[in-house]
Structure formats: structure tokens, C-alpha cells
Protein chains: 4
Amino acid sequence: MVPRSISADAGPCRPRVEGEREREILDATLEVLAEVGYDLLTMDAVAARAKASKATLYRRWRGKPELVVAAVMCHHAGAGAVPDTGSLRGDLLAAYCGTGGLNDPRAQSVLSAVVTAMGRDPEFAEVYRRDFIGPKIAVSRAVYERARERGEVHPDTDLTILGPALAGIVLHRAFLLGEPVTPELVGRVLDEVILPAALHGPLRSPHDPADA
Amino acid sequence: MVPRSISADAGPCRPRVEGEREREILDATLEVLAEVGYDLLTMDAVAARAKASKATLYRRWRGKPELVVAAVMCHHAGAGAVPDTGSLRGDLLAAYCGTGGLNDPRAQSVLSAVVTAMGRDPEFAEVYRRDFIGPKIAVSRAVYERARERGEVHPDTDLTILGPALAGIVLHRAFLLGEPVTPELVGRVLDEVILPAALHGPLRSPHDPADA
Amino acid sequence: MVPRSISADAGPCRPRVEGEREREILDATLEVLAEVGYDLLTMDAVAARAKASKATLYRRWRGKPELVVAAVMCHHAGAGAVPDTGSLRGDLLAAYCGTGGLNDPRAQSVLSAVVTAMGRDPEFAEVYRRDFIGPKIAVSRAVYERARERGEVHPDTDLTILGPALAGIVLHRAFLLGEPVTPELVGRVLDEVILPAALHGPLRSPHDPADA
Amino acid sequence: MVPRSISADAGPCRPRVEGEREREILDATLEVLAEVGYDLLTMDAVAARAKASKATLYRRWRGKPELVVAAVMCHHAGAGAVPDTGSLRGDLLAAYCGTGGLNDPRAQSVLSAVVTAMGRDPEFAEVYRRDFIGPKIAVSRAVYERARERGEVHPDTDLTILGPALAGIVLHRAFLLGEPVTPELVGRVLDEVILPAALHGPLRSPHDPADA
DNA sequence: CAATAAACGAGACGGTACGTCGAGTCTTCCT
DNA sequence: AGGAAGACTCGACGTACCGTCTCGTTTATTG
């Protein structure tokens with residue numbers, strides 16, 4: 001008898017497909033996360049949902065924050081494609097309102113998890129910044145660089161500052177001001193802040209004491 | 001005449017000055033918060049530090065997030081003064097790097113508390129937005145309005161968008177990118193994003209379907 | 001001197017008849033006791049029922065056990081009348097099945113209170129034995145003495161042993177064996193144990209150095 | 001190779017021997033009980049003493065009374081041996097003054113626990129009567145039956161009444177009258193009450209309409 | 001192809017914080 | 001002046017969750 005695998009028998013036992021099982025657990029994590037939110041998510045609940053044992057969870061992940069973030073990162077994997085709509089405005093709108101955008105109802109839970117976990121565990125923070133935020137930043141950077149080549153971004157603009165600005169403004173409005181993230185909102189932020197700043201470039205001699 | 005005991009010493013037992021005890025508890029909360037951070041702060045520890053009973057804590061606050069945020073709000077009360085340094089750049093730098101700024105080591109803990117609690121409890125979120133964020137926004141708004149009168153902000157600029165932008169960018173860098181909030185960083189954000197956007201105003205006909 | 005007293009005006013406010021208020025509180029105690037039992041009786045509940053403050057309760061009684069027992073003793077006051085039905089059997093039946101008998105539904109709660117309190121507080125135990133059990137024993141003793149004069153009790157019988165025996169047997173059946181205390185049961189105990197022992201007297205000098 | 005366990009090391013961690021750990025907890029319970037008494041015994045103290053968590057205690061027992069009584073029952077298990085000294089007097093003396101007798105200093109605490117718990121929880125009362133009191137009664141019954149065969153107990157005697165009588169009398173003296181349970185006292189109760197009643201049998205047809 | 005070692009599901013466990021509740025003390029307010 | 005009202009400290013309660021552990025089974029690897 002086949003131990004199991006693809007075949008749709010849904011057999012009672014199917015251990016060790018190495019990455020397959022892991023994916024199932026992460027999916028279960030996302031389900032629970034979506035249902036009750038980060039704070040009320042328990043390892044027991046995830047274990048039960050995934051028909052896994054808690055030992056298995058702790059064997060693979062350090063704890064709840066790591067599990068949750070791994071689930072989210074897994075879910076957002078492949079979201080790193082650069083849109084390229086032909087304009088900076090279109091690219092950024094696409095990047096912030098597409099799949100895995102901030103209007104996902106789970107995003108609130110997930111960002112809470114991330115902020116909390118990062119504050120608690122610097123090592124985790126480093127990993128998360130490297131593996132999740134880093135790629136996002138890189139995508140954003142590529143979009144801006146491309147726009148600069150088209151002349152939409154001023155040559156003097158410091159992209160290490162402007163690049164993450166849109167994310168910061170939008171996340172702030174979403175989480176602290178409580179506004180839903182709609183394409184309209186993102187568009188207004190682009191028109192009012194990001195695009196003017198990109199187009200006109202920084203103020204002359206910024207933060208430099210020696211200027212005229 | 002003193003209503004209580006002998007000497008007016010405010011001795012070992014001083015119940016019910018109504019707001020006095022509450023302030024002591026909130027101070028104790030801040031002490032514990034500063035020592036161990038939000039996640040490791042326990043209600044028992046606060047009660048012990050304040051020489052209060054847990055019942056008293058729960059009589060006044062709904063739980064740990066509310067207590068912590070109340071403590072922080074109490075501590076930051078009166079931070080609503082408008083700086084007025086004569087320029088928008090100076091005002092904003094003063095507002096974001098002065099007392100209660102983001103470089104406070106407790107800020108990370110507190111923001112975790114706030115984001116978590118807001119995600120969990122919409123009622124709390126509303127109260128927090130009204131009583132804590134609202135005044136901050138108002139102060140910021142006043143600074144921008146004043147700058148607009150001086151000609152530093154374009155007449156067409158939508159301050160509901162630009163106003164909270166600086167906070168968003170800075171908080172994002174602090175909490176997600178892990179950068180310390182220094183006056184230099186705030187200055188660069190001002191020069192690269194906020195001030196250019198304010199000076200030049202929004203792109204023509206933003207978010208308006210009817211344009212050329 | 002009494003500040004006031006007797007007059008039956010039942011005026012709106014009549015504090016301090018000294019023993020009057022106390023009686024009201026004890027009545028309230030009995031009401032609560034009957035409703036929820038000893039363990040679930042709280043001082044707050046008694047205070048609320050009696051429209052008294054907890055401070056008043058603690059001013060007069062040491063704590064919950066004392067209050068409850070005082071209430072019971074107050075309620076049973078005057079139950080010390082000797083029945084005198086003409087026979088030992090009738091006297092004892094009357095004594096154990098009359099008012100304040102063991103078939104009172106509150107008796108279980110009260111005895112729990114008493115046993116618990118006596119085990120915890122030797123001082124209370126002494127007071128209770130002196131003021132409540134003592135009189136009961138005295139009444140019982142009088143009944144047996146009277147019966148001895150009628151020839152129903154053997155001259156050699158030690159009433160310090162036989163006197164409390166009936167109470168012990170009946171209470172044991174009620175509380176540990178869980179049987180209801182009916183006149184039939186008491187009658188059977190009398191016929192099977194108490195009366196034969198009383199009639200025939202003790203075994204001849206067992207292990208007793210001095211015997212006839 | 002053995003993964004662990006079996007080897008007689010009795011190592012630091014030995015969960016799940018099913019009844020072994022339970023016994024340890026019950027022993028710890030008895031220790032605490034003996035030290036501070038029933039009322040001052042706390043679940044936390046037992047947990048600490050047994051190096052168990054409170055959750056474990058509550059997983060196995062419903063609450064404090066059940067735990068305490070289980071501990072006592074466990075401790076007295078096997079005390080059901082019938083003495084057989086050759087005489088009813090000797091048997092009963094042995095039964096009431098031997099191991100687990102009433103002169104155990106813990107007995108007071110334990111009986112308080114039992115009476116309280118029985119009054120509070122009828123289900124517990126039933127279990128306790130069945131599993132603890134029942135066997136005691138059975139032993140007592142056997143002693144009396146054996147004595148009846150030797151002619152020490154009158155054929156008409158109702159052992160359902162006489163059987164539990166000694167326990168009732170002795171417990172009453174111990175708990176309500178506050179006397180220590182000494183062999184002398186038990187002997188006097190036997191000579192004054194139990195043995196005469198057993199020897200002479202019940203009064204002829206008491207309160208029974210149909211008799212000669 | 002059996003034997004072995006690893007990984008698994010299940011879930012009990014020790015530990016800790018939670019939020020509630022009652023006891024007993026205290027002060028203030030009211031009459 | 002003295003009692004009602006009720007807030008307060010203290011501490012036990014019973015629950016929930018975390019992260020670790022052991023148990024017995026199942027799976028993949030090896031001799």
C-alpha cells in the first residue's frame with residue numbers, strides 16, 4: 001500500500017514530505033490567524049487545526065511569532081514581482097494594492113505579530129528584516145530606479161529615504177489612524193507627497209550646514 | 001482641617017484622593033514597563049510595585065494594554081505644546097525629537113502595546129485615537145497651518161494627507177526598519193520628502209478622474 | 001441607660017436599640033445562610049441583606065464563623081426547655097425532633113460552619129462549647145437524671161457517657177451516612193442502643209480496678 | 001538501546017507512571033494538610049510541595065476538598081483489615097484506636113473537609129460514602145456479626161443501628177465536645193453503651209403496634 | 001527484507017500569568 | 001457621634017497558554 005502522497009485518498013497518516021507538511025502547517029496557521037487574530041491564536045489551536053503535535057511546531061519554529069511570520073512570509077512568497085505599468089504612479093499603486101496588500105484583513109494581525117516579535121527578539125527582527133522587509137525594499141527600490149531612468153524621479157533624490165516613505169505613510173494611516181487602505185488613499189498619498197517629492201527632488205543642501 | 005489621621009504627612013496610608021492613587025499606579029506601571037518591556041510586564045508586578053491589589057487595577061482598567069497605554073498617555077500629557085521655532089522645518093524637528101520623542105527606549109514597547117490592543121479591541125482603538133493620537137494630529141496640523149500662512153506650504157496641499165506623513169515615515173523606519181530616530185534622520189526625511197511636497201504642492205488634479 | 005427602646009412606633013429611623021439591630025443582622029444572616037449555605041455565604045451578602053456595613057459586622061463579630069454561629073445560637077435560644085413527657089423515650093424523642101431539630105435543612109450548613117470554625121479557632125471552639133453545646137448537654141443531663149429518678153436509668157450508668165451518645169449517633173447518621181433524621185430513626189436508635197444501655201447499666205467493671 | 005526510562009535510575013523526570021505521580025501528589029497533600037490544616041491548605045502550596053502545577057491538580061481532582069479526601073482515602077487504603085482479637089470489645093478497641101484512628105492529628109482537618117465537601121457537593125458525598133465510609137461500615141459489620149456468632153450480640157439486635165453507633169458517639173465527643181480519643185474513652189463508651197445494648201438486645205417491640 | 005533510527009501524533013506535564021472573588025481593614029460621607 | 005457605603009490590600013481561586021517532555025506509532029533508511 002502506498003504510504004501516501006499526492007493521491008487524493010486523504011489517508012490518515014502522511015508524514016515527511018519535508019516541505020509539503022510544513023506548508024500545510026503554515027496554511028493552518030494562516031487560517032487560525034484569520035479567524036481569531038494574533039493575540040488569540042494559540043499554538044494548541046494551530047496544532048489541532050494542522051493535525052500536528054505541538055512538538056512538531058516547536059521543532060521547526062522557535063515560537064508563536066516566528067510561526068506566524070513564517071506563515072505570512074510563505075503566503076506572500078512570489079509577491080516580489082515588479083509590476084512595471086509604465087509609470088511610477090501605476091507601479092506603486094499596483095505594488096500597494098495588489099495581492100498581499102494592506103487591505104488584507106489579516107494584515108493587521110500580522111503586523112502586530114511582527115512588531116511585537118521584533119521588539120522582543122532582536123535576532124528575529126534581523127531575520128525578518130532581511131528575509132521579508134529587505135526584498136520588499138528591493139522591489140520598491142527597483143521601481144523608483146526605473147522611474148528615475150524615465151525622468152520621474154529627481155536625480156538628487158535619496159531613494160533610501162523616499163523608497164520606504166510610501167509604506168510608512170500608508171501603514172501609519174492603516175494601523176494608527178484606522179483608515180482602510182484603498183487605492184484612492186494610496187493615490188492621494190502619491191499625489192500629495194511621494195510624487196511631488198520625487199519630481200522636484202530634495203531641498204537644496206539638505207541637512208548640510210554649509211550651503212548658501 | 002485634615003480629614004485624615006494625624007499629621008498631614010501624606011503618610012503610609014492615603015486612600016482616595018481620587019486621582020492621586022491612580023497617578024501612583026500609572027507611575028509604577030511606567031517603571032515596570034521601562035524595566036522589563038511590555039511583554040514581560042505583568043499585572044502582578046505592577047500591583048506589587050504600586051502596593052495595590054490586582055482587583056484595584058482591574059477595577060479601573062480593562063486589562064494590561066489599557067493600563068499600559070493609560071500610563072503612557074498620562075506620562076505624555078501636556079506634551080501638546082506647539083513649539084513655534086519660526087520655520088516648518090524647525091517646528092517639526094522640535095516636535096519629533098523633543099520630550100516624549102520616538103527615541104524613548106520605552107516607545108517600542110508602548111507601540112507594540114498600542115498596536116496589539118487596537119487590533120484586539122476596537123473600542124479601545126477608538127478611545128486611543130480620540131484621546132492620544134487626535135491631539136497629536138491637531139498639534140501637527142497647527143504647525144502646518146502656521147507654516148502655510150508663512151508661505152512654506154502650498155495652498156493646494158491636503159494637510160489631512162501631509163500632516164501625518166512625517167510620523168508615518170519616521171515610525172516605519174524606527175519600528176520596521178529598525179533605525180534609531182535621530183534628528184539627522186528626521187531632518188533628511190523633511191528635506192527629501194515632507195518639505196518638497198509641502199513647498200510644491202500636489203500634482204495637478206490628483207485622484208481626480210477628470211483631468212488631462 | 002438605654003437610649004430608647006420599646007415604644008412601638010416603628011419610626012423611620014431607630015438606630016441603636018443595642019440588641020435590636022444585632023438581632024436584625026443575625027436574622028439576615030440566617031436568611032442568607034438558608035438560601036446559599038455556609039460556604040457560599042459572604043459577609044458582603046449579609047451586610048447587603050441587613051443593610052449594614054461590613055465594618056459593623058466586624059465590629060461585633062470576629063468573622064464569618066462567629067457571625068453564623070451567633071445567628072444560629074440566637075435562633076435556637078429558648079430551645080432549652082425540658083420537655084418532660086413522662087418517659088425517657090418521650091423526652092428524648094421530643095428533644096431531638098422538635099423545633100431546631102436536626103431535620104432543619106440549614107443544620108448541615110451550620111454544622112459544617114461549626115466544625116470548621118472549631119478546628120480553626122480553639123478560642124471559638126471553647127466559646128461555642130460553653131455557650132451552645134453546654135446548655136444542650138445540661139438539658140440532656142436533666143432529662144436522664146429525671147429518668148433515673150423514675151428508675152428508667154440504671155444507677156451505675158455514667159451519664160457523661162450516655163448523655164451525649166444519642167446526639168452523636170444521630171448526627172453521625174445524618175451527616176456522614178446521609179440519612180434524614182426522622183422520629184422513626186431516633187426511635188429505633190433509642191430502642192436499639194440508648195434505652196437498653198440505660199436500663200441495664202454498664203457492664204460490670206470492665207478494666208475498672210474498683211468495682212462492686 | 002533504551003530511549004530512556006526503564007533503567008532504574010528514577011531520573012529527574014518521570015512522567016506518566018499513571019498512578020505513581022498521583023501518589024506523590026497525594027502524599028504532598030497529606031504533608032501540607034498535616035502542617036497547616038485544611039482551611040489553610042492551598043492548592044498552590046500542594047502544587048509547590050509536589051513540584052506539580054496547579055493545572056495538573058485540577059486535571060485530576062475537582063478541587064480542594066476532593067484532593068484532600070482523595071489523599072486521605074489513599075492513605076487509609078488497606079486499613080480495612082478485620083482485627084479479630086477474640087472478643088467484641090477487643091475488636092472494636094483495635095478498630096478505633098489503631099492505625100488511622102481518630103487520634104490522628106490530621107483527622108480533625110480531614111473530617112472538616114469531608115463534612116464541608118459533602119454538604120456542598122452531593123455527588124461527592126455519594127462517592128465518599130460509597131468508597132470510604134461504606135468499607136468502614138462493612139468492616140464494623142463483620143466484627144459485630146462475628147461477635148453475634150460468639151453470643152456477644154443479641155440475636156434481635158439491628159446491626160444497621162448498632163453498627164455505626166460507636167463511630168457516631170466517638171466522633172461526636174471528639175469533634176463537638178473536643179475530647180481526645182483515647183483507648184480509655186472508647187473503652188468506657190463500649191462498657192456504658194455499646195456492649196450493654198449489644199448484649200441485652202433491643203427493648204421489646206418498641207413503638208411497634210404488632211407484637212406480643 | 002528485516003532491523004534501526006528518525007520523525008511524528010497525541011497529549012500530560014511544570015510553570016506562569018491571567019482575571020475574579022471573598023475576607024477583613026480603612027476612610028469618607030451622611031444624618 | 002456613629003453607622004452606611006464601599007474602596008482598598010491581600011491572597012487564593014480556577015483557567016489558559018507556553019514550551020518541554022514522554023509515549024507509542026509510522027516512515028524512511030540501512031545492513
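Naming convention: chains lettered A, B, ... in sequence-line order (proteins, then strands); numbering from 1 in each chain.
- E35(B) pairs by the side-chain hydrogen bond (donor to acceptor under 3.5 Å, both in side chains) definition with R49(B), not counting sequence neighbours.
- Take K64(A) and apply the salt bridge (Lys or Arg N to Asp or Glu O under 4.0 Å) test, not counting sequence neighbours, and it matches no residue.
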(request) Any chance you could list the contact pattern along nucleotides 18-23 of chain E? Use B for base contacts, S for sugar-phosphate-only contacts and - for none, protein heavy atoms under 4.0 Å, 5' to 3'. (result) BBBBSB
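- Contacts of D39(D) classified as salt bridge (Lys or Arg N to Asp or Glu O under 4.0 Å), with partners at least two apart in sequence or in another chain: R120(C).
- In this structure, CD in E24(A) is found 11.5 Å from OG1 in T29(A), a value given to the nearest 0.5 Å.
- Partners of R23(B) according to the side-chain hydrogen bond (donor to acceptor under 3.5 Å, both in side chains) rule, which considers only residues two or more places apart in sequence or in another chain, are D27(B).
- An angle of 10°, rounded to 10°, separates the two end axes of the helix from dC1(E)-dG31(F) to dT31(E)-dA1(F), each defined over five pairs.
- Phosphate proximity of dT9(F) to R21(B): present, with a side-chain N or O under 4.0 Å from OP1 or OP2.
- Atom CG in L57(D) sits about 15 Å away from atom P in dT16(E), given to the nearest Å.
- Projected onto DNA chain E by closest heavy-atom contact, P65(C) and K51(D) fall at different nucleotides, the more 5' of which corresponds to K51(D).
- For F132(A), the ring-ring contact (aromatic ring centres under 6.0 Å, His included) partners are Y128(A), not counting sequence neighbours.
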(request) Might you work through the side chain to side chain contact (heavy atoms under 4.5 Å, CB included) test for L67(A) and L26(A), ending with a clear yes or no? (result) CA-CA 7 Å; L67(A) 172 61; L26(A) 294 179; 3.8 Å; yes
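- Close to dA12(E), at under 4.0 Å from its OP1 or OP2, lies no side-chain N or O of T56(D).
- By the side chain to side chain contact (heavy atoms under 4.5 Å, CB included) test, A55(B) is found to be paired with S53(B), R59(B), residues two or more places apart in sequence or in another chain being considered.
- Counting to the nearest Å, the C1' atom of dA12(E) and the CD atom of E22(D) are 13 Å from each other.
- To the nearest angstrom, P of dG14(F) lies 11 Å from CG of L67(D).
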